[in-house]
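A short write-up of the structure that comes next.
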Amino acid sequence: MSKASNNPVTSQVTLIVLALAAFSLAMLVGFGFFATLETDRNSLAKQKAFVAAGIADETAELIRQQTSVSLWDDSVLAARNRDQAWMTDNLGQWIYDYYGIDRVYVLDPSGSPVHAMQDGATLAVTSYEDDRAVVEAAVARLRDLAHGAAPNDSHDSPVVTDLVTIGGRPAILSVQPLLPNSNRVMQEAGQEYIHVAIQGIDDTLVGRIARKYQLNGMHLLPQLTSALPGASIPLIGSSGAILGYVTWNQERPGLDLVRQASPAFLGFCLLAAGVLWFLLRRLRRTAGELQQSQEQTQYIAFHDALTGLPNRALFEDRLKRALFAVSRDGRKIGLLYVDLDRFKTVNDTFGHPVGDELVRQTAARLQDSVRQVDTVARLGGDEFAVVIFDVKDLVTAEELCQRLLGEISRPFDLLGNQVYIDASIGVAISDGPATDPGELLRKADIALYEAKKAGGSRHEVFAGGMDDLLAHKRVIEADMRGALSGGGGMKLVYQPIYAPDCKTVVGAEALIRWDHPVHGALSPSHFVSIADERGMTGLLGDWVLENVARFAAGSNLPWIAFNVSPLQLRDASFANRVVDVFQQANVAPEKIQIEIVESALLENCKPTQTALSTLRGAGFRIVLDDFGTGYSSINYLKRYIIDKLKIDRSFVRMLGGTEGTAIVKAIIELATTLKVKITAEGVETPEQRDLLIQLGCHELQGFLLSPPLEAGEMEVRSGKSLSRQRSATGT
């Protein structure tokens, strides 16, 4: 309570509460009135939500009932043969007798009726004319929805539903194609017969909803009702027109509670002083907790979550302060950039948990090796920075570098694995009171690059000859052009993607790697960014495209995915080039999945829209990679008709916590709603795997299951998976 007592906000709250004590009775009455209204409002909102859910449930039940007869070989054959007796027994009268569906029509591919049923009676097909105007709009939407769908796809039968007016009353309309449920009957796309089911929204249906949600007095009101009660919801069709209303006797728990509590009101007033005292203490305690929470939030904003070290924002602030502090007396600041050598190898070999532990232990060793006045920060990944306050001379900085290199070279015990690793350090020293922080950072970065270039496990001090970053990029560019033209070093590896049984390989993602002759294994983000800057995106993308096509042509994998950048999608010729390359390699488009990032959708440019439309129209599948790390909206996802979402590894790592699990669950539910598949990448622990499977994730990818493999290894892994499948199915 001491912190709360010294908090000005707490003192103000205390004075306000004490001042309001004299008006406690009026405040209680006002609160009671507000609580009553708010409770009744919330209750009404829930009741409306229940009724809306009931209508949705009835619609879903109608779809389920209709699907039981529309997805059937015999239905397709009977409709084609115009077998009225069979359709009466199975598609018309039976639907009424068994499910109580009011009206059924069967339409041929041209939209003409071949069978009609109303209220259990089979009628002449001319009776369809009464409902044609309403039904035809839904049928047209169904035709659009089913356009391009593969025949005999019994796993995802399209359906269109709507609320309409039939015979002067609101009704639920469901339209589905008649599709075979096996390969014995072939169905040509676009030539499906259509099954139309209409369920009137009458007192029987409304009564079911009322019983389910325990609502009294529920009934229908006509479309043109002038004075609507508060407890009502409109029935709105897809056109936006109101077809009628459902109303009921509103439950008022707030008002009921006030009536029941009235006798105790006098006693409550007598206890008001005690309650105010209790609230005052609670407010003071809450204020203290809030202050503590604010301090924690500020700490998180300026510190790295993995190591507890200052993050880049705090590091830059401390660097500026240090430079300002020494600018007045001629002292100097030393800046060290520390980067672990072969850190990616540790991640690839032992997995990301071991990599994270290596980062944590490295941070601890760095912090133990410097003075309290110095700052150690983590800038990201395996990169650290050290600000040395009041450097006497260059020898002092170099001695510290040798001490840090010696500390890091000692073996690490990482989750039971003994790992040896080295580091490279770039050093820059401030050269006067006018030293710019950004300039000092740039110099340290260039010195680090030189240390890496020299083989690592060393430090380099910035010198004027290093100040040519453009030269470095030109070297990388030239080496990349040589590698892409057959000079070697550039290759694709393939990371398998598994079904939820974690045994069946359902596909693989192609990942680019470059084993540079000087720099060793370069990070793809590094040389890809240089390719983008130097106008080599198309050249690098074509190399990936051709190598994926070559591998896919001889692979037994069900499908292969590869990434394309927003720059490629903006190329007007890109989509046609993709189609041509895979066509020449004799690879079916359905075997290829193209992964894009959310920023490609956000650009909302015409070439990108055209490219995605062309690729999808040709049969390629579009996958949204690293979903949730950008800012894509549902509208963008619906506009581009994405086939699959990939959960970013950052969310997978959060699994197990309440927030992380909720986020992943929400993404999976979104994918289910959009009727797209969902893949989780970065699966590294059995707990993550089990929870993802439990949440309904369709595909899993990560080091727990398999690291990226060479092409030959990938084929062996895929072949074993295929053999297990055949053994399991007896084929």
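The structure presented is a predicted model; accordingly, all values stated were derived computationally and were not measured.
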Using a 3.5 Å distance criterion without hydrogens, assess whether the side chain of Q176 forms a donor-acceptor pair with backbone atoms of Q66.
no

Rounded to the nearest 0.5 Å, what separates atom CG in L569 from atom CD1 in I596?
6.0 Å

If we count only N and O atoms by modelled type, under 3.5 Å, do the side chains of Q191 and Q187 hold a donor and an acceptor together?
no

Under 4.0 Å between a Lys/Arg side-chain N and an Asp/Glu carboxylate O for R169 and D102?
yes

Tell me, with the steps shown, if V196 and I198 meet side-chain contact (heavy atoms from CB on, under 4.5 Å).
CA-CA 7 Å; V196 180; I198 300 172; 4.2 Å; yes

Donor-acceptor pair, distance only, cut-off 3.5 Å: does the side chain of W559 make one with the backbone of V506?
yes

Could you please spell out the steps behind the side-chain contact (heavy atoms from CB on, under 4.5 Å) verdict for V505 and Y498?
CA-CA 5 Å; V505 177; Y498 287 83; 3.6 Å; yes

I'd like to check I236 versus L243 (side-chain heavy atoms, cut-off strictly below 4.5 Å). Are they in contact?
no

Keeping the roles fixed (side chain from K665, backbone from L695), state whether a donor-acceptor pair exists under 3.5 Å.
no

Heavy-atom side-chain proximity of S70 to P177 below 4.5 angstrom
no

Could you measure the distance from the CG atom of L77 to the CG atom of L178? Nearest 0.5 Å is fine.
10.5 Å

Evaluate side-chain contact (heavy atoms from CB on, under 4.5 Å) for W248 paired with V206, printing each intermediate quantity in order.
CA-CA 10 Å; W248 60 94; V206 169; over 6 Å; no

Main chain of M714, side chain of S718: is a donor-acceptor contact present, judged purely on distance under 3.5 Å?
no

Can you tell me if D73 uses its side chain to pair, donor with acceptor, with the backbone of R184 under 3.5 Å?
no

Contact check, side chains of T88 and M117, non-hydrogen atoms, under 4.5 Å:
no

Is there a side-chain contact between I592 and I594 (heavy atoms, below 4.5 Å)?
yes

T247 OG1 to L220 CG distance, which is reported to the nearest 0.5 Å
10.0 Å

Run the salt-bridge test on E192 and R143 with the 4.0 Å N-O cut-off and return the result as yes or no.
yes

Check: T608 and F574 side chains under 4.5 Å, non-hydrogen atoms:
no

I101 to Y96 - nearest heavy-atom pair and separation
O-CD1, 3.3 Å

Suppose we screen for salt bridge (charged side-chain N to carboxylate O under 4.0 Å, His left out). Which residues come up paired with E546, at least two apart in sequence or across chains?
none

Pair Y105-Q118, side-chain hydrogen bond (donor to acceptor under 3.5 Å, both in side chains): steps then yes or no:
CA-CA 9 Å; Y105 299 108; Q118 293 184 13; 3.0 Å; yes

Using a distance-only test with no angle check, is there a side-chain donor-acceptor pair under 3.5 angstrom linking R649 and Q688?
no

Holding to salt bridge (charged side-chain N to carboxylate O under 4.0 Å, His left out), I want the full list of residues that pass it with K212, two or more places apart in sequence or in another chain.
D57

Nearest 0.5 Å, please: how far is OG1 in T67 from CG in L179?
10.0 Å

Hydrogens and angles aside, do Q701 and T679 bring a side-chain donor and acceptor to less than 3.5 Å of each other?
no

Closest approach of A124 to A116 (non-hydrogen atoms, all atoms of both residues)
O-CB, 3.9 Å

For the CD atom on Q214, are there more than 12 heavy atoms of other groups (residues, nucleotides or ligands in this structure) within a distance under 6.0 Å?
no

More than 12 heavy atoms of other residues, nucleotides or ligands under 6.0 Å from NZ of K677: yes or no?
no

Just wondering, do S75 and W86 contact through their side chains at under 4.5 Å, heavy atoms?
yes

Determine whether a donor-acceptor pair (N or O, by modelled atom type, separation under 3.5 Å) exists between the side chain of D131 and the backbone of V135.
no

So, S573 and N576: side-chain donor and acceptor under 3.5 Å apart, yes or no?
no

Taking T204's backbone N and O only, do any of them form a donor-acceptor pair with D202's side chain (distance below 3.5 Å, no angle check)?
yes

Of the non-hydrogen atoms in I242 and P234, which two are nearest, and what is the gap between them?
CG2-CB, 4.1 Å

Evaluate the side-chain proximity of I667 to I678: yes if any heavy-atom separation is below 4.5 Å, no if none is.
yes

May I ask you to decide if the ring planes of Y494 and F551 are parallel, tilted or perpendicular, using 30° and 60° as cut-offs?
parallel

Could you walk me through whether Q250 and R252 pass side-chain hydrogen bond (donor to acceptor under 3.5 Å, both in side chains), step by step?
CA-CA 6 Å; Q250 181 181 350; R252 299 180 179 272; 3.3 Å; yes

Measure the CG-CG distance between L173 and L62 for me, rounded to the nearest 0.5 Å.
8.5 Å

Heavy-atom check, side chain of Y99 versus side chain of R64, under 4.5 Å
yes

Can you confirm whether N586 is buried at CG, in the sense that more than 12 heavy atoms of other residues, nucleotides or ligands lie under 6.0 Å from that atom?
no

Ion pair present between E699 and K646, side-chain N to carboxylate O less than 4.0 angstrom?
no

For L235 and V246, what are the C-alpha separation, side-chain angles and deciding distance, and is it a side-chain contact (heavy atoms from CB on, under 4.5 Å)?
CA-CA 7 Å; L235 300 173; V246 177; 4.0 Å; yes

After noting the C-alpha distance and the side-chain angles of R82 and D108, does the key distance pass the salt bridge (Lys or Arg N to Asp or Glu O under 4.0 Å) rule?
CA-CA 9 Å; R82 311 295 176 91; D108 65 16; 3.6 Å; yes

For W94 against V69, the heavy-atom pair lying closest together:
CZ3-CG1, 3.8 Å

Among all residues two or more places apart in sequence or in another chain, which pass the salt bridge (charged side-chain N to carboxylate O under 4.0 Å, His left out) test with K48?
none

Any ion pair linking D162 and R141 (charged N to carboxylate O, less than 4.0 Å)?
yes

Please walk me through it: do E715 and S555 pass side-chain hydrogen bond (donor to acceptor under 3.5 Å, both in side chains)?
CA-CA 7 Å; E715 282 300 290; S555 173; 2.6 Å; yes

Any chance the side chains of Y98 and Q93 put a donor and an acceptor closer than 3.5 Å?
no

Please confirm whether the backbone N or O of V106 pairs with a side-chain atom of H195, one donor and one acceptor, at under 3.5 Å?
no

Using modelled atom types only, decide if a donor and an acceptor are shared between the side chain of R621 and the backbone of G619 within a distance under 3.5 Å.
yes

Search all heavy atoms of V159 against all heavy atoms of L145 and return the closest pair with its distance.
O-CD2, 3.6 Å

Looking at Q47 and E251, would you say the former's side chain and the latter's main chain have a donor-acceptor pair under 3.5 Å?
yes

Please work out whether the ring planes of Y213 and F50 are parallel, tilted or perpendicular, with thresholds of 30° and 60°.
parallel

Any side-chain donor near an acceptor of the partner, E58 and Q199, under 3.5 Å:
no

Minimum-distance pair of heavy atoms, taken over all atoms of L91 and I95:
O-CG1, 3.4 Å

Rounding to 0.5 Å, atoms CD1 (I647) and CG (L624) come to a distance of 11.5 Å

